[in-house]
Novice: 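Below you will find the structure I want to go over with you.
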Amino acid sequence: MVTRVGKVDWITTLVPFFLIVGLALFLFIFPEESNDTIGQIRFFFGDTLGLYYLVIGLGFLLVALYMAFSKFGNIVLGEPGEKPRYSFFTWGCMMFTCGLAADILFYSFSEWVMYATNPHIEQMGSVAEWAGVFPLFHWSFIPWAFYLVLAVAFGFMLHVRQRDRKRYSEACRPVIGKHADGLLGRIIDLFALFALLAGTATTFSVATPLMAGILVKLFNIELSRTAVTIIILIITCAVYTYAVLHGFKGISLLAKICIFLFFGLLIFVLLVGGQGRFIIENGFESLGKMIQNFIGLATYTDAGRTTNFPQDWTIYYWAYWMVWCIAAPFFIGNISRGRTIKQVILGGFVFGVGSTIVGFIVLGNYSLGLQVSGAADFISQYAASGDLYDLILSIVDTMPFATFILILTLITMITFYATSFDSIAYTAACYSYKSMETDAQPHKLIELLWCVLLIVLPIALVFSESSMSNIQSVSIISAFPLGIIMITMIWSFFKDARKYQEEMSHDCALK
């Protein structure tokens with residue numbers, strides 16, 4: 001069933017469009033001035049108000065555990081007794097790939113190197129002991145808690161209360177009441193969509209240059225990395241546009257392909273790379289250190305600003321995942337019909353966190369093993385050049401069948417990006433409507449509009465040659481107001497879920 005175009009909310013659709021186009025033009029025309037301005041704003045939010053992000057991160061993890069093991073955990077996202085619409089494997093594939101899966105593949109190769117050059121690692125101990133711990137911490141329980149808690153709230157709104165406005169403002173209705181239909185609701189939705197576009201821009205801008213570097217290396221292309229990156233953005237846009245226009249069937253198929261490619265790459269590196277023992281043993285040790293020191297890592301603020309480690313990393317990552325909390329949780333909540341809240345939370349941790357940790361352990365410890373054994377010196381290479389993309393290519397060059405690994409990595413990243421962004425385009429298209437029936441689908445032209453819009457700001461960021469820091473800043477700035485909305489949304493869920501349980505108890509008593 002297709003929702004009629006007459007129900008499109010053009011204000012919510014077009015205002016973010018013009019804001020993004022305006023920002024993109026600013027980046028195109030004034031690249032140096034725009035980078036300076038973004039950097040100053042990032043310092044205020046990330047440094048001066050950084051504790052805000054850390055508190056929200058730890059809070060969401062505690063809320064996730066409470067949701068799963070309290071009386072709310074038994075609520076079915078749908079009719080009581082309803083069975084899940086998708087198998088656990090299909091559901092897990094779509095859930096994992098709708099988030100930051102492409103970035104997981106990108107960062108897992110070499111993120112430990114960036115930590116190794118930070119003085120905070122020396123304060124904690126040796127590189128071998130701690131450089132592999134932080135990737136696991138920054139990509140596991142707290143980030144996925146953001147996703148899963150909000151996925152539960154969205155799923156409850158969509159499948160239990162069956163509301164026909166698929167927006168953040170609607171999820172906040174139990175607290176803000178009639179204001180969800182007024183100016184406050186409009187502001188919430190505009191912030192949410194802008195954050196969605198900012199998160200998309202950050203993800204595309206960070207990792208696509210690696211894909212460009214692989215193409216240049218494989219085919220000796222004469223174009224600059226920037227030009228090739230923009231070409232890749234357009235190609236990826238075409239792939240995810242095709243998938244999203246074919247609905248959930250296309251999305252689920254692409255997600256399964258991604259999972260097989262991803263784990264195929266990991267198994268190949270583990271078995272053929274020559275670092276199998278170190279990968280398993282150091283990965284196991286790093287996981288233990290992360291769990292043992294979890295509270296200390298989650299609350300570290302560097303109050304004396306001796307290294308700025310949390311400001312540069314932990315705060316950025318929590319903000320990064322927060323701006324992704326528009327599309328990914330909505331999508332996860334949408335595909336979780338028939339599952340209990342406990343199944344969504346715990347299943348998400350098992351599949352999402354588990355797959356993420358395995359990726360970082362295998363690919364990260366491969367290069368760390370070469371560093372520790374003295375077979376390579378990636379730390380010095382990165383310190384000298386600061387080019388993370390060339391570093392990753394150097395890491396892959398040390399692997400057996402390096403050309404095959406490059407091709408497999410490129411294909412996997414394209415499919416990961418396509419799977420992530422078809423879910424984003426679907427979510428944004430749903431946002432464009434004033435109301436949608438439970439089983440309705442957005443009009444294809446609205447989906448196509450968002451598919452194109454999603455690459456406008458990334459192209460501007462790549463073209464303006466924004467630094468990694470300024471690309472990160474877009475997420476940190478966008479996440480600040482979003483955090484307040486997320487808290488309101490969780491408050492609304494508990495208020496509405498408590499009311500729902502009282503209604504169910506009353507109905508049972510009458511029977």
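Below, all heavy atoms of this structure are taken into account, side chains as well, without hydrogens, waters or symmetry copies. Just so it is clear, the model here is predicted, and its values are computed rather than measured. Here, residue 1 is the first one in the sequence, and each next residue gets the next number.
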Novice: Looking at Met67, Gln501, Lys342, which one forms a side-chain contact (heavy atoms from CB on, under 4.5 Å) with Ile75?
Specialist: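 With Ile75 as partner, side-chain contact (heavy atoms from CB on, under 4.5 Å) holds for just one option, Gln501.
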Novice: Starting from the C-alpha separation in whole Å, work towards a yes-or-no answer on ring pair (Phe, Tyr, Trp, His ring centres under 6.0 Å) for Phe137 and Phe294.
Specialist: CA-CA 8 Å; Phe137 171 67; Phe294 189 86; 5.5 Å; yes
Novice: Does CZ in Phe191 sit with more than 12 non-hydrogen atoms of other residues, nucleotides or ligands closer than 6.0 Å?
Specialist: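 No, CZ of Phe191 has 12 or fewer neighbouring heavy atoms, counting only those of other groups under 6.0 Å.
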Novice: Drop me the distance from Leu58's CG to Leu297's CG, to the nearest 0.5 angstrom.
Specialist: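 It is 11.5 Å, given to the nearest 0.5 Å.
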Novice: Between Trp130 and Val133, is there a side-chain heavy-atom distance shorter than 4.5 Å?
Specialist: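 Yes. Closest side-chain heavy atoms under 4.5 Å.
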Novice: Would you say Arg337 and Pro84 make side-chain contact, with heavy atoms under 4.5 Å?
Specialist: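 Result no, sub-4.5 Å side-chain heavy-atom pair not found.
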Novice: Any donor-acceptor pair under 3.5 Å linking the side chain of Tyr389 with the backbone of Gly213?
Specialist: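 Answer holds: no.
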Novice: Below 30° counts as parallel, above 60° as perpendicular, anything between as tilted: where do the rings of Trp318 and Phe146 land?
Specialist: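 Plane angle over 60°, so perpendicular.
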Novice: CG/Leu190 to CZ/Arg167 distance, rounded to the nearest 0.5 angstrom?
Specialist: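 So the CG of Leu190 and the CZ of Arg167 are separated by 9.0 Å.
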Novice: Evaluate the criterion ring pair (Phe, Tyr, Trp, His ring centres under 6.0 Å) for residue pair Tyr53 and Tyr317; output intermediate values, then yes/no.
Specialist: CA-CA 9 Å; Tyr53 300 90; Tyr317 269 131; over 10 Å; no
Novice: Decide if the gap between the ring center of Tyr300 and the ring center of Phe309 is smaller than 6.0 angstrom.
Specialist: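 That pair fails the under 6.0 Å test.
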Novice: Using a strict 4.0 Å threshold on nitrogen-to-oxygen distance, state whether Asp181 and Arg173 make a salt bridge.
Specialist: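 Counted as a salt bridge, because a side-chain N and a carboxylate O are separated by less than 4.0 Å.
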Novice: Please report the shortest heavy-atom distance between Ala64 and Ala145, naming the atom on each side.
Specialist: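 Heavy-atom minimum between the residues: CB-CB, 4.2 Å.
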Novice: Indicate the atoms forming the closest heavy-atom contact of Cys172 with Ile485, along with that distance.
Specialist: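 Residues Cys172 and Ile485, closest heavy atoms: SG-O, 4.0 Å.
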Novice: For Phe109, give me all partners under ring-ring contact (aromatic ring centres under 6.0 Å, His included), at least two apart in sequence or on another chain.
Specialist: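 For Phe109, no residue satisfies ring-ring contact (aromatic ring centres under 6.0 Å, His included) once neighbours in sequence are set aside.
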Novice: Going by heavy atoms in the side chains, are Leu54 and Thr301 under 4.5 Å from each other?
Specialist: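 They are in side-chain contact.
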Novice: Can you check whether Phe60 reaches Leu150 side chain to side chain, under 4.5 Å on heavy atoms?
Specialist: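 Side chain of Phe60 against side chain of Leu150, heavy atoms only: contact under 4.5 Å found.
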Novice: Run the side chain to side chain contact (heavy atoms under 4.5 Å, CB included) test on Met290 and Phe141 for me, step by step, so that the C-alpha distance in whole Å, both residues' side-chain angles and the decisive distance to 0.1 Å come before the verdict.
Specialist: CA-CA 11 Å; Met290 189 267 287; Phe141 295 104; 3.8 Å; yes
Novice: Do the side chain of Thr117 and the main chain of Met114 share a donor and acceptor less than 3.5 angstrom apart?
Specialist: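 Checking the backbone N and O of Met114 against the side chain of Thr117, a donor-acceptor pair under 3.5 Å is found.
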Novice: As a quick check of understanding, evaluate side chain to side chain contact (heavy atoms under 4.5 Å, CB included) for Phe88 and Gln343, giving each step before the final call.
Specialist: CA-CA 10 Å; Phe88 180 74; Gln343 289 172 342; over 6 Å; no
Novice: Verify whether the ring centers belonging to Phe154 and Tyr168 lie closer than 6.0 Å.
Specialist: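 Phe154 vs Tyr168: aromatic centres under 6.0 Å.
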Novice: I'd like to check Val152 versus Tyr147 (side-chain heavy atoms, cut-off strictly below 4.5 Å). Are they in contact?
Specialist: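 Sidechains of Tyr147 and Val152: no contact.
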Novice: For a quick test of reading the model, state the closest non-hydrogen atom pair linking Val160 to Gly78 and the distance between them.
Specialist: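 Result for this residue pair: CG2-N, 3.6 Å.
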Novice: Could you tell me whether the side chains of His138 and Tyr115 share a donor-acceptor contact shorter than 3.5 Å?
Specialist: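 Indeed, the side chains of His138 and Tyr115 share at least one donor-acceptor pair under 3.5 Å.
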Novice: Should the ring pair Trp139 and Phe360 be called parallel, tilted or perpendicular, given that the plane angle runs from 0 to 90° and is split at 30 and 60?
Specialist: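 Tilted.
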Novice: Distance from Leu261 atom CG to Leu105 atom CG, nearest 0.5 Å?
Specialist: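 These two atoms lie 10.0 Å from each other.
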Novice: Heavy atoms only: give me the nearest Leu148-Ile345 pair and the separation to one decimal.
Specialist: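 Answer, listing the atom of Leu148 first, then Ile345: CD1-O, 3.4 Å.
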Novice: Answer yes or no: does atom NE2 of His120 have more than 12 heavy-atom neighbours from other residues, nucleotides or ligands under 6.0 Å?
Specialist: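 Correct, the count exceeds 12.
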Novice: At what distance, to the nearest 0.5 angstrom, does CE of Met94 lie from CD1 of Ile259?
Specialist: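 Nearest 0.5 Å value for the CE-CD1 distance: 11.5 Å.
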Novice: If we only count heavy atoms from C-beta on, is the Arg85 to Trp91 side-chain gap below 4.5 Å?
Specialist: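 Not in contact.
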Novice: For a quick check under 3.5 Å, do Asp189 and Ser169 share a side-chain donor-acceptor pair by atom type?
Specialist: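 Yes, side-chain donor-acceptor contact under 3.5 Å.
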Novice: Check whether any side-chain heavy atom of Leu158 lies under 4.5 Å from a side-chain heavy atom of Lys166, and answer yes or no.
Specialist: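 They are in contact (side-chain heavy atoms under 4.5 Å apart), so the answer is yes.
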Novice: Step by step, work out the side chain to side chain contact (heavy atoms under 4.5 Å, CB included) result for Leu391 and Leu388.
Specialist: CA-CA 5 Å; Leu391 176 66; Leu388 189 61; 4.0 Å; yes
Novice: Indicate yes or no: at least one non-hydrogen side-chain atom of Phe106 is less than 4.5 angstrom from one of Phe416.
Specialist: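 Heavy-atom side-chain distance check fails, nothing below 4.5 Å.
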Novice: Can you label the angle between the Phe96 ring and the Phe351 ring as parallel, tilted or perpendicular, going by 30° and 60°?
Specialist: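 Aromatic pair Phe96/Phe351 classed tilted.
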Novice: How far apart are the C-alpha atoms of Phe134 and Trp313, what are their side-chain angles, what is the distance that settles it, and do they pass the side chain to side chain contact (heavy atoms under 4.5 Å, CB included) test?
Specialist: CA-CA 9 Å; Phe134 286 101; Trp313 289 107; over 6 Å; no
Novice: To the closest 0.5 Å, what do you measure between CZ (Phe494) and CG (Asp496)?
Specialist: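 Going from the CZ atom of Phe494 to the CG atom of Asp496 covers 12.0 Å.
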Novice: Indicate the atoms forming the closest heavy-atom contact of Met95 with Gly352, along with that distance.
Specialist: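 What the structure gives for the nearest pair is CE-N, 3.8 Å.
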Novice: Can a donor-acceptor pair be found between the side chains of Asp302 and Thr306 at a distance below 3.5 Å?
Specialist: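 On atom types as modelled, these side chains qualify, holding a pair under 3.5 Å.
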Novice: Where do Leu266 and Gly359 come nearest, in terms of heavy atoms and distance?
Specialist: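 What the structure gives for the nearest pair is CD1-CA, 3.8 Å.
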Novice: Can you tell me how far apart CG (Leu51) and CD1 (Ile315) are? Round to the nearest 0.5 Å.
Specialist: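 The CD1 atom of Ile315 is 8.0 Å from CG of Leu51, to the nearest 0.5 Å.
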Novice: I'd like to know if the side chain of Thr90 and the backbone of Tyr86 have a donor-acceptor N/O pair within less than 3.5 Å.
Specialist: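 No.
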Novice: Would the distance check show the side chain of Asn293 and the main-chain N or O of Lys289 forming a donor-acceptor pair, the cut-off being under 3.5 Å?
Specialist: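 A pair under 3.5 Å: yes.
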Novice: When the ring planes of Tyr316 and Tyr320 are compared, do they come out parallel, tilted or perpendicular, using 30° and 60° as the limits?
Specialist: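 The arrangement is parallel - the two ring planes meet at less than 30°.
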